[in-house]
K.L.:
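First the structure, then my questions, so here it is.
Positions are given from 1, in the same order as the sequence printed here. Model, not experiment: these values are computed from the prediction.
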Amino acid sequence: MHTALTMPAKAYVRRRKQLMDMAGGDAIVIVPSAHELIRSRDTHYPFRQDSDLSYLTGFPEPDSVLVLVPGRKHGETLLFCRERDAEREAWDGPRYGPENAVDAFGLDDAYPITDLDDILPGLLEGRTRVYYHFGRDTDFDLKLIGWVNRVREMVRQGAQPPHEFLVLGHLLDELRLFKDRDELRFMQRAADISVLAHEAAMRAARPGMREYELQAEVEAVFRRFDAEPAYGSIVGAGSNACVLHYRANNAASRDGDLVLIDAGAEYRGYAADITRTFPINGRFSPAQRALHDLVGAAQAAALAQARPGLPYEAGHLAAVETLTEGLLRLGLLKGKLERNLADGSYRRFYRHKTGHWLGLDVHDVGEYRIDGESRLLEPGMVFTIEPGLYVSADDTTVEPKWRGIGIRTEDDVVIGKEGCEVLTDKLARSADEIEALMGQRRAA
(Lines give C-alpha, C1' and ligand atoms only; values in the text may rest on other atoms or scores of the structure.)
Protein backbone atom coordinates (compact mmCIF):
# COMPACT_ATOMS: atom_id res chain seq x y z
CA MET A 1 0.00 0.00 0.00
CA HIS A 2 3.03 2.28 0.06
CA THR A 3 3.00 2.68 -3.73
CA ALA A 4 1.21 5.97 -4.39
CA LEU A 5 -1.72 5.88 -6.77
CA THR A 6 -1.82 8.50 -9.49
CA MET A 7 -4.85 9.65 -11.47
CA PRO A 8 -4.02 9.39 -15.20
CA ALA A 9 -4.14 12.72 -17.05
CA LYS A 10 -6.59 11.25 -19.56
CA ALA A 11 -9.15 10.72 -16.77
CA TYR A 12 -9.27 14.50 -16.20
CA VAL A 13 -9.42 15.18 -19.94
CA ARG A 14 -12.34 12.75 -20.28
CA ARG A 15 -14.27 14.38 -17.40
CA ARG A 16 -13.76 17.88 -18.79
CA LYS A 17 -14.93 16.71 -22.21
CA GLN A 18 -18.03 15.02 -20.73
CA LEU A 19 -18.86 18.20 -18.84
CA MET A 20 -18.41 20.38 -21.94
CA ASP A 21 -20.58 18.01 -24.00
CA MET A 22 -23.31 18.29 -21.35
CA ALA A 23 -22.98 22.09 -21.13
CA GLY A 24 -23.21 22.55 -24.90
CA GLY A 25 -21.24 24.56 -27.47
CA ASP A 26 -22.56 27.99 -26.51
CA ALA A 27 -21.84 27.66 -22.78
CA ILE A 28 -19.00 28.67 -20.48
CA VAL A 29 -18.16 26.82 -17.24
CA ILE A 30 -16.36 28.58 -14.37
CA VAL A 31 -14.91 26.61 -11.43
CA PRO A 32 -12.97 28.56 -8.75
CA SER A 33 -10.63 26.90 -6.25
CA ALA A 34 -11.17 26.70 -2.51
CA HIS A 35 -9.71 29.46 -0.34
CA GLU A 36 -7.02 29.22 2.29
CA LEU A 37 -8.78 29.64 5.63
CA ILE A 38 -7.36 31.25 8.74
CA ARG A 39 -7.37 29.02 11.80
CA SER A 40 -6.16 31.65 14.22
CA ARG A 41 -4.39 34.95 13.68
CA ASP A 42 -1.81 34.18 10.95
CA THR A 43 -2.08 30.37 11.03
CA HIS A 44 -4.07 28.63 8.31
CA TYR A 45 -6.04 25.41 8.25
CA PRO A 46 -4.39 22.80 5.99
CA PHE A 47 -5.51 23.71 2.47
CA ARG A 48 -8.03 21.33 0.90
CA GLN A 49 -8.84 21.87 -2.77
CA ASP A 50 -12.43 22.34 -3.93
CA SER A 51 -13.73 18.88 -4.87
CA ASP A 52 -15.02 19.98 -8.28
CA LEU A 53 -11.72 21.55 -9.29
CA SER A 54 -9.93 18.40 -8.06
CA TYR A 55 -12.29 16.22 -10.09
CA LEU A 56 -11.73 18.19 -13.30
CA THR A 57 -7.99 18.96 -13.06
CA GLY A 58 -6.20 17.58 -10.00
CA PHE A 59 -4.72 21.09 -9.61
CA PRO A 60 -3.76 21.46 -5.92
CA GLU A 61 -3.30 25.21 -5.38
CA PRO A 62 -5.54 27.98 -4.00
CA ASP A 63 -6.16 31.25 -5.92
CA SER A 64 -6.98 29.43 -9.13
CA VAL A 65 -9.94 29.25 -11.51
CA LEU A 66 -10.74 26.72 -14.24
CA VAL A 67 -12.66 28.05 -17.23
CA LEU A 68 -14.11 25.69 -19.86
CA VAL A 69 -15.13 27.27 -23.16
CA PRO A 70 -16.49 24.47 -25.40
CA GLY A 71 -15.60 24.84 -29.09
CA ARG A 72 -13.30 27.85 -28.62
CA LYS A 73 -10.74 27.85 -31.44
CA HIS A 74 -7.86 29.13 -29.29
CA GLY A 75 -8.36 26.49 -26.63
CA GLU A 76 -11.26 25.16 -24.58
CA THR A 77 -9.66 24.48 -21.17
CA LEU A 78 -8.03 27.44 -19.44
CA LEU A 79 -6.59 27.74 -15.97
CA PHE A 80 -5.84 30.94 -14.08
CA CYS A 81 -3.33 30.40 -11.27
CA ARG A 82 -0.66 32.07 -9.12
CA GLU A 83 2.59 33.05 -10.82
CA ARG A 84 5.94 31.65 -9.73
CA ASP A 85 7.45 33.72 -6.90
CA ALA A 86 10.86 32.74 -5.51
CA GLU A 87 10.36 34.66 -2.26
CA ARG A 88 6.93 33.16 -1.46
CA GLU A 89 8.01 29.70 -2.62
CA ALA A 90 10.91 29.78 -0.16
CA TRP A 91 8.31 30.14 2.62
CA ASP A 92 5.38 28.08 1.36
CA GLY A 93 6.79 25.58 -1.14
CA PRO A 94 6.84 25.34 -4.92
CA ARG A 95 4.08 26.56 -7.25
CA TYR A 96 3.32 25.37 -10.75
CA GLY A 97 2.82 28.79 -12.29
CA PRO A 98 1.03 29.22 -15.64
CA GLU A 99 4.12 28.07 -17.57
CA ASN A 100 4.18 24.59 -15.97
CA ALA A 101 0.45 24.09 -15.38
CA VAL A 102 -0.41 23.49 -19.05
CA ASP A 103 1.73 20.37 -19.47
CA ALA A 104 1.31 19.14 -15.90
CA PHE A 105 -2.51 19.16 -16.10
CA GLY A 106 -3.17 18.64 -19.81
CA LEU A 107 -4.72 22.09 -20.36
CA ASP A 108 -4.94 24.20 -23.49
CA ASP A 109 -3.69 27.38 -21.82
CA ALA A 110 -2.90 28.95 -18.45
CA TYR A 111 -2.71 32.58 -17.31
CA PRO A 112 -1.74 34.45 -14.15
CA ILE A 113 -4.69 34.75 -11.76
CA THR A 114 -4.11 38.54 -11.78
CA ASP A 115 -5.18 38.58 -15.46
CA LEU A 116 -8.62 37.11 -14.70
CA ASP A 117 -10.22 40.56 -14.61
CA ASP A 118 -8.91 41.47 -18.07
CA ILE A 119 -9.51 38.15 -19.81
CA LEU A 120 -12.78 36.77 -18.45
CA PRO A 121 -15.18 39.38 -19.93
CA GLY A 122 -13.82 38.49 -23.36
CA LEU A 123 -14.44 34.79 -22.72
CA LEU A 124 -18.03 35.50 -21.58
CA GLU A 125 -18.73 37.52 -24.74
CA GLY A 126 -20.73 35.51 -27.28
CA ARG A 127 -21.62 32.74 -24.83
CA THR A 128 -25.33 32.34 -24.05
CA ARG A 129 -25.12 30.23 -20.86
CA VAL A 130 -22.91 30.50 -17.79
CA TYR A 131 -22.52 27.45 -15.53
CA TYR A 132 -21.19 28.29 -12.08
CA HIS A 133 -21.85 27.51 -8.38
CA PHE A 134 -23.95 30.59 -7.59
CA GLY A 135 -24.20 31.57 -3.95
CA ARG A 136 -21.20 29.66 -2.59
CA ASP A 137 -18.65 32.46 -2.62
CA THR A 138 -20.14 35.96 -2.40
CA ASP A 139 -16.93 37.70 -3.45
CA PHE A 140 -16.62 35.63 -6.60
CA ASP A 141 -20.36 36.02 -7.32
CA LEU A 142 -19.90 39.81 -7.32
CA LYS A 143 -16.84 39.60 -9.58
CA LEU A 144 -18.76 37.48 -12.06
CA ILE A 145 -21.66 39.94 -12.09
CA GLY A 146 -19.11 42.70 -12.76
CA TRP A 147 -17.61 40.81 -15.72
CA VAL A 148 -21.04 40.14 -17.21
CA ASN A 149 -21.94 43.84 -16.79
CA ARG A 150 -18.76 44.82 -18.65
CA VAL A 151 -19.96 42.73 -21.62
CA ARG A 152 -23.46 44.23 -21.32
CA GLU A 153 -21.98 47.74 -21.56
CA MET A 154 -20.60 46.83 -25.00
CA VAL A 155 -23.89 45.65 -26.51
CA ARG A 156 -24.03 48.71 -28.78
CA GLN A 157 -20.67 47.73 -30.22
CA GLY A 158 -22.19 44.34 -31.10
CA ALA A 159 -21.18 42.36 -27.98
CA GLN A 160 -23.44 39.46 -26.99
CA PRO A 161 -23.66 39.00 -23.22
CA PRO A 162 -24.77 35.68 -21.73
CA HIS A 163 -28.44 35.66 -20.72
CA GLU A 164 -28.78 32.30 -18.93
CA PHE A 165 -27.14 31.59 -15.59
CA LEU A 166 -27.27 27.96 -14.54
CA VAL A 167 -26.26 26.08 -11.42
CA LEU A 168 -23.17 24.02 -12.24
CA GLY A 169 -24.19 21.33 -9.76
CA HIS A 170 -26.95 20.11 -12.06
CA LEU A 171 -24.36 18.86 -14.53
CA LEU A 172 -21.30 18.22 -12.42
CA ASP A 173 -23.01 16.45 -9.51
CA GLU A 174 -24.44 13.89 -11.94
CA LEU A 175 -20.99 13.26 -13.44
CA ARG A 176 -19.40 12.89 -10.01
CA LEU A 177 -22.14 10.52 -8.81
CA PHE A 178 -20.87 7.82 -11.18
CA LYS A 179 -17.35 6.76 -10.24
CA ASP A 180 -15.01 5.71 -13.04
CA ARG A 181 -12.50 2.84 -12.77
CA ASP A 182 -9.71 5.17 -11.71
CA GLU A 183 -11.80 6.71 -8.95
CA LEU A 184 -12.75 3.28 -7.64
CA ARG A 185 -9.05 2.40 -7.26
CA PHE A 186 -8.60 5.47 -5.07
CA MET A 187 -11.76 4.69 -3.08
CA GLN A 188 -10.60 1.11 -2.54
CA ARG A 189 -7.27 2.44 -1.24
CA ALA A 190 -9.06 4.81 1.16
CA ALA A 191 -11.23 1.88 2.30
CA ASP A 192 -8.24 -0.46 2.79
CA ILE A 193 -6.39 2.12 4.89
CA SER A 194 -9.54 2.71 6.97
CA VAL A 195 -9.97 -1.03 7.59
CA LEU A 196 -6.40 -1.28 8.95
CA ALA A 197 -7.06 1.77 11.13
CA HIS A 198 -10.20 0.29 12.71
CA GLU A 199 -8.38 -3.01 13.30
CA ALA A 200 -5.57 -1.13 15.06
CA ALA A 201 -8.05 0.54 17.41
CA MET A 202 -9.79 -2.75 18.24
CA ARG A 203 -6.46 -4.43 18.94
CA ALA A 204 -5.30 -1.57 21.17
CA ALA A 205 -8.56 -1.31 23.14
CA ARG A 206 -8.35 -1.73 26.94
CA PRO A 207 -10.83 -0.68 29.65
CA GLY A 208 -9.94 2.76 31.01
CA MET A 209 -8.50 4.02 27.71
CA ARG A 210 -9.55 7.53 26.74
CA GLU A 211 -11.48 8.05 23.55
CA TYR A 212 -8.69 10.21 22.14
CA GLU A 213 -6.18 7.38 22.66
CA LEU A 214 -8.27 5.19 20.38
CA GLN A 215 -8.57 8.13 17.95
CA ALA A 216 -4.76 8.31 17.92
CA GLU A 217 -4.52 4.61 16.98
CA VAL A 218 -6.89 5.18 14.07
CA GLU A 219 -5.35 8.37 12.73
CA ALA A 220 -1.76 7.11 13.07
CA VAL A 221 -2.64 4.44 10.49
CA PHE A 222 -4.17 7.06 8.19
CA ARG A 223 -0.95 9.07 8.22
CA ARG A 224 1.26 5.99 7.92
CA PHE A 225 -0.31 5.26 4.54
CA ASP A 226 -0.30 8.85 3.28
CA ALA A 227 -3.95 9.54 4.06
CA GLU A 228 -5.67 11.84 6.53
CA PRO A 229 -9.07 11.90 8.25
CA ALA A 230 -11.90 12.45 5.75
CA TYR A 231 -13.90 14.06 8.59
CA GLY A 232 -13.55 14.52 12.34
CA SER A 233 -13.20 11.01 13.78
CA ILE A 234 -16.01 10.06 16.18
CA VAL A 235 -14.97 7.90 19.15
CA GLY A 236 -17.81 7.46 21.64
CA ALA A 237 -17.52 5.17 24.67
CA GLY A 238 -20.61 4.10 26.61
CA SER A 239 -23.58 6.42 26.18
CA ASN A 240 -21.45 8.89 24.16
CA ALA A 241 -22.12 6.48 21.27
CA CYS A 242 -25.72 7.74 21.30
CA VAL A 243 -24.58 11.22 20.16
CA LEU A 244 -24.60 10.90 16.37
CA HIS A 245 -21.91 13.51 15.67
CA TYR A 246 -20.04 13.19 18.96
CA ARG A 247 -16.83 15.26 18.78
CA ALA A 248 -15.37 15.65 22.28
CA ASN A 249 -13.45 12.31 22.18
CA ASN A 250 -12.05 12.89 25.69
CA ALA A 251 -13.99 10.57 28.04
CA ALA A 252 -12.52 7.48 29.68
CA SER A 253 -13.96 4.08 28.72
CA ARG A 254 -15.19 1.83 31.48
CA ASP A 255 -15.04 -1.96 31.65
CA GLY A 256 -18.29 -3.19 30.13
CA ASP A 257 -18.66 -0.20 27.76
CA LEU A 258 -19.16 -0.44 24.04
CA VAL A 259 -17.10 1.97 21.94
CA LEU A 260 -18.43 3.34 18.67
CA ILE A 261 -15.77 4.51 16.19
CA ASP A 262 -16.90 6.30 13.05
CA ALA A 263 -13.74 7.20 11.12
CA GLY A 264 -12.59 7.13 7.53
CA ALA A 265 -9.43 7.97 5.63
CA GLU A 266 -9.24 10.46 2.79
CA TYR A 267 -6.76 9.36 0.14
CA ARG A 268 -5.92 11.90 -2.60
CA GLY A 269 -9.27 13.58 -1.98
CA TYR A 270 -11.37 10.38 -1.93
CA ALA A 271 -13.16 9.46 1.30
CA ALA A 272 -13.94 6.22 3.07
CA ASP A 273 -16.47 6.13 5.90
CA ILE A 274 -16.58 3.17 8.32
CA THR A 275 -18.29 2.65 11.66
CA ARG A 276 -17.77 -0.26 14.02
CA THR A 277 -18.98 -0.74 17.59
CA PHE A 278 -16.98 -3.05 19.86
CA PRO A 279 -16.69 -3.91 23.57
CA ILE A 280 -13.71 -2.17 25.18
CA ASN A 281 -12.92 -5.37 27.12
CA GLY A 282 -13.24 -7.65 24.07
CA ARG A 283 -16.53 -9.36 25.06
CA PHE A 284 -20.12 -8.31 24.29
CA SER A 285 -22.67 -8.63 27.10
CA PRO A 286 -25.86 -10.53 26.10
CA ALA A 287 -27.83 -7.26 25.78
CA GLN A 288 -25.08 -5.58 23.75
CA ARG A 289 -24.81 -8.62 21.49
CA ALA A 290 -28.59 -8.75 20.95
CA LEU A 291 -28.67 -5.14 19.73
CA HIS A 292 -25.43 -5.52 17.74
CA ASP A 293 -26.86 -8.60 15.98
CA LEU A 294 -30.03 -6.65 15.19
CA VAL A 295 -28.07 -3.78 13.62
CA GLY A 296 -26.10 -6.41 11.64
CA ALA A 297 -29.35 -7.98 10.40
CA ALA A 298 -30.63 -4.54 9.35
CA GLN A 299 -27.39 -3.89 7.48
CA ALA A 300 -27.64 -7.24 5.69
CA ALA A 301 -31.26 -6.44 4.74
CA ALA A 302 -30.19 -3.08 3.29
CA LEU A 303 -27.23 -4.66 1.49
CA ALA A 304 -29.59 -7.13 -0.22
CA GLN A 305 -31.30 -4.10 -1.82
CA ALA A 306 -28.02 -2.71 -3.21
CA ARG A 307 -28.55 -3.86 -6.79
CA PRO A 308 -28.89 -1.99 -10.08
CA GLY A 309 -32.49 -1.11 -10.94
CA LEU A 310 -33.74 -0.98 -7.35
CA PRO A 311 -34.65 2.36 -5.72
CA TYR A 312 -31.93 3.88 -3.52
CA GLU A 313 -34.51 4.15 -0.72
CA ALA A 314 -35.24 0.40 -0.70
CA GLY A 315 -32.20 -0.20 1.53
CA HIS A 316 -33.42 2.25 4.16
CA LEU A 317 -36.93 0.77 4.16
CA ALA A 318 -35.54 -2.77 4.54
CA ALA A 319 -33.31 -1.68 7.44
CA VAL A 320 -36.18 0.11 9.20
CA GLU A 321 -38.45 -2.93 8.91
CA THR A 322 -35.74 -5.25 10.27
CA LEU A 323 -34.94 -2.89 13.16
CA THR A 324 -38.62 -2.39 14.06
CA GLU A 325 -39.26 -6.14 14.00
CA GLY A 326 -36.27 -6.74 16.26
CA LEU A 327 -37.15 -3.93 18.68
CA LEU A 328 -40.62 -5.49 19.08
CA ARG A 329 -39.12 -8.94 19.60
CA LEU A 330 -36.71 -7.62 22.26
CA GLY A 331 -39.45 -5.62 23.99
CA LEU A 332 -38.11 -2.12 23.34
CA LEU A 333 -41.21 -1.38 21.27
CA LYS A 334 -44.76 -2.65 21.88
CA GLY A 335 -47.65 -3.47 19.57
CA LYS A 336 -48.04 -4.66 15.99
CA LEU A 337 -45.31 -4.36 13.31
CA GLU A 338 -47.56 -2.59 10.74
CA ARG A 339 -48.69 -0.05 13.30
CA ASN A 340 -45.12 0.65 14.48
CA LEU A 341 -43.87 1.05 10.89
CA ALA A 342 -46.77 3.35 10.02
CA ASP A 343 -46.23 5.71 12.95
CA GLY A 344 -42.41 5.59 12.74
CA SER A 345 -41.98 4.66 16.40
CA TYR A 346 -38.51 3.26 15.60
CA ARG A 347 -37.30 6.88 15.33
CA ARG A 348 -36.83 6.98 19.10
CA PHE A 349 -33.96 4.52 18.63
CA TYR A 350 -32.92 5.21 15.03
CA ARG A 351 -32.90 8.87 14.00
CA HIS A 352 -30.94 8.90 10.75
CA LYS A 353 -31.09 7.53 7.22
CA THR A 354 -29.31 4.32 6.29
CA GLY A 355 -26.60 5.92 4.16
CA HIS A 356 -25.36 8.63 1.80
CA TRP A 357 -23.38 8.98 -1.43
CA LEU A 358 -19.61 8.77 -0.99
CA GLY A 359 -16.72 10.10 -3.10
CA LEU A 360 -14.62 13.26 -3.14
CA ASP A 361 -16.87 14.44 -0.33
CA VAL A 362 -17.90 12.23 2.59
CA HIS A 363 -21.51 13.22 2.03
CA ASP A 364 -21.03 13.27 -1.70
CA VAL A 365 -22.97 15.16 -4.35
CA GLY A 366 -25.86 13.73 -6.37
CA GLU A 367 -29.64 13.73 -6.18
CA TYR A 368 -31.33 11.05 -4.07
CA ARG A 369 -34.71 11.68 -5.68
CA ILE A 370 -35.76 12.46 -9.25
CA ASP A 371 -39.21 14.02 -9.82
CA GLY A 372 -40.08 13.18 -6.23
CA GLU A 373 -39.28 9.46 -6.61
CA SER A 374 -36.29 7.69 -5.06
CA ARG A 375 -33.77 7.30 -7.88
CA LEU A 376 -32.82 3.84 -9.16
CA LEU A 377 -29.37 2.46 -8.43
CA GLU A 378 -26.95 2.23 -11.36
CA PRO A 379 -23.42 0.81 -11.75
CA GLY A 380 -20.70 3.17 -10.50
CA MET A 381 -22.72 4.67 -7.63
CA VAL A 382 -20.94 4.46 -4.27
CA PHE A 383 -22.70 4.90 -0.94
CA THR A 384 -22.62 3.90 2.72
CA ILE A 385 -24.95 1.46 4.46
CA GLU A 386 -25.06 2.39 8.14
CA PRO A 387 -28.03 1.37 10.27
CA GLY A 388 -27.79 1.93 14.03
CA LEU A 389 -29.62 1.80 17.35
CA TYR A 390 -29.26 4.36 20.12
CA VAL A 391 -30.93 3.85 23.50
CA SER A 392 -30.73 6.94 25.67
CA ALA A 393 -29.12 6.38 29.09
CA ASP A 394 -32.14 7.96 30.81
CA ASP A 395 -34.86 6.12 28.82
CA THR A 396 -36.94 4.66 31.66
CA THR A 397 -39.46 3.10 29.26
CA VAL A 398 -37.02 0.25 28.49
CA GLU A 399 -35.34 -2.32 30.72
CA PRO A 400 -32.16 -1.04 32.44
CA LYS A 401 -29.93 -3.50 30.51
CA TRP A 402 -30.59 -1.65 27.21
CA ARG A 403 -29.99 1.87 28.51
CA GLY A 404 -27.01 3.85 27.23
CA ILE A 405 -26.21 1.42 24.40
CA GLY A 406 -25.36 3.05 21.05
CA ILE A 407 -24.42 0.90 18.04
CA ARG A 408 -23.77 1.65 14.37
CA THR A 409 -22.29 -0.57 11.68
CA GLU A 410 -21.25 1.19 8.48
CA ASP A 411 -19.67 -0.04 5.27
CA ASP A 412 -18.95 1.43 1.83
CA VAL A 413 -20.64 -0.14 -1.18
CA VAL A 414 -20.25 0.26 -4.95
CA ILE A 415 -22.99 -0.82 -7.34
CA GLY A 416 -21.76 -3.15 -10.09
CA LYS A 417 -23.39 -4.61 -13.22
CA GLU A 418 -25.18 -7.36 -11.29
CA GLY A 419 -25.10 -6.64 -7.58
CA CYS A 420 -22.70 -4.69 -5.41
CA GLU A 421 -19.22 -4.89 -3.94
CA VAL A 422 -18.42 -3.90 -0.35
CA LEU A 423 -15.19 -1.87 -0.45
CA THR A 424 -14.75 -2.27 3.33
CA ASP A 425 -15.59 -5.99 3.45
CA LYS A 426 -12.26 -7.05 4.99
CA LEU A 427 -13.11 -5.52 8.37
CA ALA A 428 -14.62 -7.71 11.13
CA ARG A 429 -18.35 -6.98 11.26
CA SER A 430 -20.31 -9.54 13.33
CA ALA A 431 -19.99 -9.80 17.12
CA ASP A 432 -18.11 -13.11 16.69
CA GLU A 433 -15.67 -11.62 14.16
CA ILE A 434 -15.05 -8.59 16.37
CA GLU A 435 -14.44 -10.73 19.47
CA ALA A 436 -12.07 -12.96 17.47
CA LEU A 437 -10.10 -9.96 16.20
CA MET A 438 -9.89 -8.50 19.72
CA GLY A 439 -8.93 -11.92 21.08
CA GLN A 440 -5.76 -11.92 18.94
CA ARG A 441 -4.28 -9.15 21.10
CA ARG A 442 -4.67 -11.28 24.24
CA ALA A 443 -3.07 -14.29 22.58
CA ALA A 444 -0.20 -12.06 21.45
Side-chain angles (χ1 to χ4, degrees), residues 191 194-195 198-199 201-202 205 234 236-238 241-242 244 256-264 272-307 314-333 337 340-341 346-356 358 383-391 398 401-402 404-414 419-440:
S194 305
V195 166
H198 279 262
E199 288 176 348
M202 287 187 213
I234 297 168
C242 297
L244 297 181
D257 275 351
L258 288 181
V259 179
L260 182 153
I261 298 186
D262 182 341
D273 187 356
I274 299 180
T275 310
R276 289 293 186 269
T277 311
F278 58 88
I280 191 74
N281 63 14
R283 287 267 167 233
F284 287 91
S285 74
Q288 289 169 348
R289 181 180 273 262
L291 291 184
H292 192 279
D293 287 353
L294 177 51
V295 171
Q299 199 200 26
L303 198 57
Q305 305 298 315
R307 295 204 305 276
H316 178 63
L317 298 175
V320 162
E321 186 165 340
T322 303
L323 290 172
T324 306
E325 231 168 36
L327 290 166
L328 286 166
R329 192 176 66 247
L330 296 170
L332 285 98
L333 289 176
L337 177 63
N340 273 278
L341 285 171
Y346 67 87
R347 285 198 190 96
R348 258 177 58 207
F349 304 111
Y350 180 43
R351 293 186 291 280
H352 57 84
K353 286 282 195 239
T354 305
H356 51 80
L358 184 69
F383 55 94
T384 64
I385 298 185
E386 49 172 315
L389 286 173
Y390 315 91
V391 188
V398 301
K401 64 178 178 181
W402 307 120
I405 295 181
I407 294 170
R408 183 162 63 252
T409 301
E410 175 178 25
D411 285 288
D412 304 344
V413 171
V414 56
C420 69
E421 189 188 337
V422 182
L423 298 173
T424 48
D425 207 33
K426 294 193 191 83
L427 182 57
R429 186 181 295 113
S430 70
D432 286 345
E433 289 166 347
I434 288 170
E435 287 187 350
L437 175 70
M438 296 183 74
Q440 291 170 7

K.L.:
Quick one: are E435 and R289 in side-chain contact, heavy atoms under 4.5 Å?
P.N.:
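When only atoms from C-beta onward are counted, R289 and E435 do touch, with a gap below 4.5 Å.
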K.L.:
Are the side chains of T409 and H292 in contact, using a 4.5 Å heavy-atom criterion?
P.N.:
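Side-chain contact under 4.5 Å: yes.
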K.L.:
Measuring only between side-chain heavy atoms, which start at C-beta, is F349 closer than 4.5 Å to L333?
P.N.:
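SC-SC contact between F349 and L333 confirmed.
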K.L.:
Please report the closest heavy-atom contact between A191 and L423, naming both atoms and the distance.
P.N.:
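Between these two residues, the closest heavy atoms are CB-O, 3.6 Å.
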K.L.:
Can you name the one residue among N340, L337, L341 that meets side chain to side chain contact (heavy atoms under 4.5 Å, CB included) with E325?
P.N.:
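The passing option is L337.
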K.L.:
Closest approach of Y350 and E386, non-hydrogen atoms and distance?
P.N.:
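It is OH-O, 4.1 Å.
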K.L.:
Checking side chain to side chain contact (heavy atoms under 4.5 Å, CB included) for the pair I405/L389: CA distance, chi angles, key distance, verdict?
P.N.:
CA-CA 8 Å; I405 295 181; L389 286 173; over 6 Å; no
K.L.:
When rounded to the nearest 0.5 angstrom, what distance separates CG in L328 from CG in L323?
P.N.:
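Between atom CG of L328 and atom CG of L323 there are 11.0 Å.
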K.L.:
Which pair of heavy atoms, one from V422 and one from R429, lies closest together, and at what distance?
P.N.:
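Closest approach of V422 to R429: CG1-NH2, 3.8 Å.
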K.L.:
Nearest 0.5 angstrom please: M202 CE to T277 OG1, how far?
P.N.:
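Between M202 CE and T277 OG1, I get 8.5 Å after rounding to 0.5 Å.
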K.L.:
List for me each residue that meets side-chain hydrogen bond (donor to acceptor under 3.5 Å, both in side chains) alongside D262, sequence neighbours excluded, and say none if there are none.
P.N.:
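Listed in chain order: Y231, T275, R408.
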K.L.:
Look up atom CG in L332 and atom OG1 in T324, then write down how far apart they are to the nearest 0.5 Å.
P.N.:
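Reported to 0.5 Å precision, the distance equals 11.5 Å.
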K.L.:
Could you state the interatomic distance from OG1 (T354) to CZ (F383), rounded to the nearest 0.5 Å?
P.N.:
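T354 OG1 to F383 CZ: 10.5 Å, rounded to 0.5 Å.
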K.L.:
Only counting residues at least two apart or in another chain, list the ones meeting side-chain hydrogen bond (donor to acceptor under 3.5 Å, both in side chains) with T424.
P.N.:
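Partners of T424 by the side-chain hydrogen bond (donor to acceptor under 3.5 Å, both in side chains) criterion, ordered by chain and then number, come out as D411.
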K.L.:
Sequence neighbours left out, what passes salt bridge (charged side-chain N to carboxylate O under 4.0 Å, His left out) with E410? Give chain and number order.
P.N.:
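For E410 there are no salt bridge (charged side-chain N to carboxylate O under 4.0 Å, His left out) partners, ignoring immediate neighbours.
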K.L.:
Do you know the tightest heavy-atom contact between A306 and I385?
P.N.:
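Looking at all heavy atoms of both residues, the closest pair is CB-CD1, 4.4 Å.
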K.L.:
Where do M438 and I280 come nearest, in terms of heavy atoms and distance?
P.N.:
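Where M438 meets I280 most closely, the heavy atoms are CE-O, 4.1 Å.
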K.L.:
I would like to know whether T384 and H356 meet side chain to side chain contact (heavy atoms under 4.5 Å, CB included); could you show each step before the answer?
P.N.:
CA-CA 6 Å; T384 64; H356 51 80; 3.5 Å; yes
K.L.:
Indicate yes or no: at least one non-hydrogen side-chain atom of R348 is less than 4.5 angstrom from one of V398.
P.N.:
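Result yes, sub-4.5 Å side-chain heavy-atom pair found.
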K.L.:
Supply the atom-to-atom distance I407 CD1 to F284 CZ, rounded to the nearest 0.5 angstrom.
P.N.:
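Answer for the CD1-CZ pair, I407 versus F284, is 7.0 Å.
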K.L.:
Please give me the minimum heavy-atom distance between C242 and Y390, naming the atom from each residue.
P.N.:
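So the two residues come closest at CA-CD2, 4.0 Å.
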K.L.:
Check the pair E321 / L317 against side chain to side chain contact (heavy atoms under 4.5 Å, CB included), numbers first and verdict last.
P.N.:
CA-CA 6 Å; E321 186 165 340; L317 298 175; over 6 Å; no
K.L.:
Would you compute the distance between atom CG of D425 and atom CG of D412 and round it to the nearest 0.5 angstrom?
P.N.:
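Atom-to-atom, D425:CG and D412:CG are 11.0 Å apart.
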K.L.:
Please answer whether the main-chain N or O of G256 pairs with a side-chain N or O of Q288 as donor and acceptor at a distance below 3.5 Å.
P.N.:
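Yes; at least one donor-acceptor contact below 3.5 Å.
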